[in-house]
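When reading the values below, keep in mind they use all heavy atoms of this one structure, side chains included, and skip hydrogens, waters and symmetry mates.
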Amino acid sequence: IEMYDYVTANVTFYETNGKYKLYNYADGIYISSKTQNFEFLEYGESDSFVMQKVYELRKSIKSFIELSTQKREGGVIGALTIADSSKLSSKTLNSFRVCGLSHMLVISGFHLSLISLGLFNVIRKCGLSQRPSAIICLILAFLYTALVGFGLSVVRAFVAFATVMLGYVFYRKPDIL
């Protein structure tokens with residue numbers, strides 16, 4: 001199973017309970033699920049051409065990081081750039097936790113905002129006018145949002161960023177506050 005594939009199966013939903021109930025509630029998880037005698041009823045790749053290309057780009061970036069860095073550094077770089085924490089060792093993850101920095105390994109809306117607004121300013125300084133710069137940044141911000149897996153905080157930041165950029169596209173003065 002790869003990212004953006006779809007799977008159909010029979011599952012049973014139940015209210016979250018047990019010793020992790022409060023922990024799950026804090027994360028907004030109120031329902032859990034389980035399956036018995038798991039079998040795929042249906043499996044297939046996403047029908048979306050764009051999502052397939054984004055996934056291929058993600059795999060290419062992941063391969064590039066693995067080939068050009070050492071394992072430990074590659075895990076951190078993968079987590080910080082494409083939200084891939086699969087190569088982080090438990091020792092590295094624990095070191096970040098002990099230092100109180102584990103939140104830095106998660107792609108957040110702040111990352112998207114920082115990258116997108118920085119890119120917008122760089123494009124503007126290269127001489128491109130406001131409208132084309134905003135359109136280019138909107139497209140690239142959406143692709144980055146897809147690349148990191150449409151995390152909730154990233155999507156929220158994308159919507160806010162898109163609102164500001166659409167203000168530039170339609171020659172309106174954006175009010176960020």
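Contacts classified as side chain to side chain donor-acceptor pair (under 3.5 Å) and involving residues 104-120 (residues at least two apart or in different chains) are given here: Ser108-His111. Evaluation of the salt bridge (Lys or Arg N to Asp or Glu O under 4.0 Å) test over residues 120-140, restricted to residues two or more places apart or in two chains, returns none. Applying the side chain to side chain donor-acceptor pair (under 3.5 Å) definition to pairs two or more places apart or across chains, those involving residues 86-100 are Asp84-Ser86, Ser89-Thr92.
Within the 4.5 Å cutoff, no side-chain heavy atoms of Leu57 are placed close to those of Leu143. Inter-residue side-chain proximity for Leu112 and Val148 is flagged as unmet; no heavy-atom pair is nearer than 4.5 Å. Side-chain contact between Cys137 and Ile123 is present, with heavy atoms from C-beta onward closer than 4.5 Å. Considering only heavy atoms from C-beta on, Ile136 comes within 4.5 Å of Leu128 through its side chain.
Take Glu56 and apply the salt bridge (Lys or Arg N to Asp or Glu O under 4.0 Å) test, not counting sequence neighbours, and it matches Lys53. Take Gln70 and apply the side chain to side chain donor-acceptor pair (under 3.5 Å) test, not counting sequence neighbours, and it matches no residue. Looking at residues two or more places apart in sequence or on another chain, you find a ring-ring contact (aromatic ring centres under 6.0 Å, His included) between Phe120 and Tyr168. Considering only residues two or more places apart in sequence or on other chains, Leu101 meets the side-chain contact (heavy atoms from CB on, under 4.5 Å) condition with Phe96, Cys99, His103, Met104. The side chain to side chain donor-acceptor pair (under 3.5 Å) search around Ser32 returns Thr16, not counting sequence neighbours. For the side-chain contact (heavy atoms from CB on, under 4.5 Å) test, residues two or more places apart in sequence or in another chain that qualify with Leu114 are Phe110. For Tyr30, the ring-ring contact (aromatic ring centres under 6.0 Å, His included) partners at least two apart in sequence or on another chain are Tyr25. In this structure Lys21 satisfies the side chain to side chain donor-acceptor pair (under 3.5 Å) test with no other residue, sequence neighbours excluded.
Atom CZ of Phe142 and atom CZ of Phe150 lie 4.0 Å apart (nearest 0.5 Å). Between Gln130 atom CD and Met165 atom CE the span is 8.5 Å, to the nearest 0.5 Å. Annotation: the span from Ile107 atom CD1 to Ser85 atom OG amounts to 10.0 Å, rounded to 0.5 Å. Taking CD from Glu15 and CD1 from Ile31, the interatomic distance works out to 8.5 Å, rounded to the nearest 0.5 Å.
A continuous path of hydrophobic side-chain contacts links Leu166 to Leu117 [ILVMFWY only; heavy atoms under 4.5 Å]. No continuous path of hydrophobic side-chain contacts links Val54 to Phe64 [ILVMFWY only; heavy atoms under 4.5 Å]. Under a hydrophobic clustering in which Ile, Leu, Val, Met, Phe, Trp and Tyr are joined whenever their side-chain heavy atoms come within less than 4.5 Å, directly or via other members, Tyr144 and Val106 fall into different clusters. Phe170 and Val164 fall within the same hydrophobic cluster, where Ile, Leu, Val, Met, Phe, Trp and Tyr residues are linked whenever their side-chain heavy atoms come under 4.5 Å apart, directly or through other members.
Surrounding OH of Tyr14 are more than 12 heavy atoms belonging to other residues, nucleotides or ligands, all under 6.0 Å away.
The nearest pair of heavy atoms linking Arg58 to Leu147 is NH1-O, 2.6 Å. When all heavy atoms of Gly78 and Ile65 are compared, the closest pair comes out as CA-CD1, 4.0 Å. Closest approach of Leu80 and Leu105 over heavy atoms only: CD2-CA, 4.3 Å. Nearest heavy-atom pair, Thr69 versus Gly74, reported as atom, atom and distance to 0.1 Å: OG1-CA, 3.1 Å.
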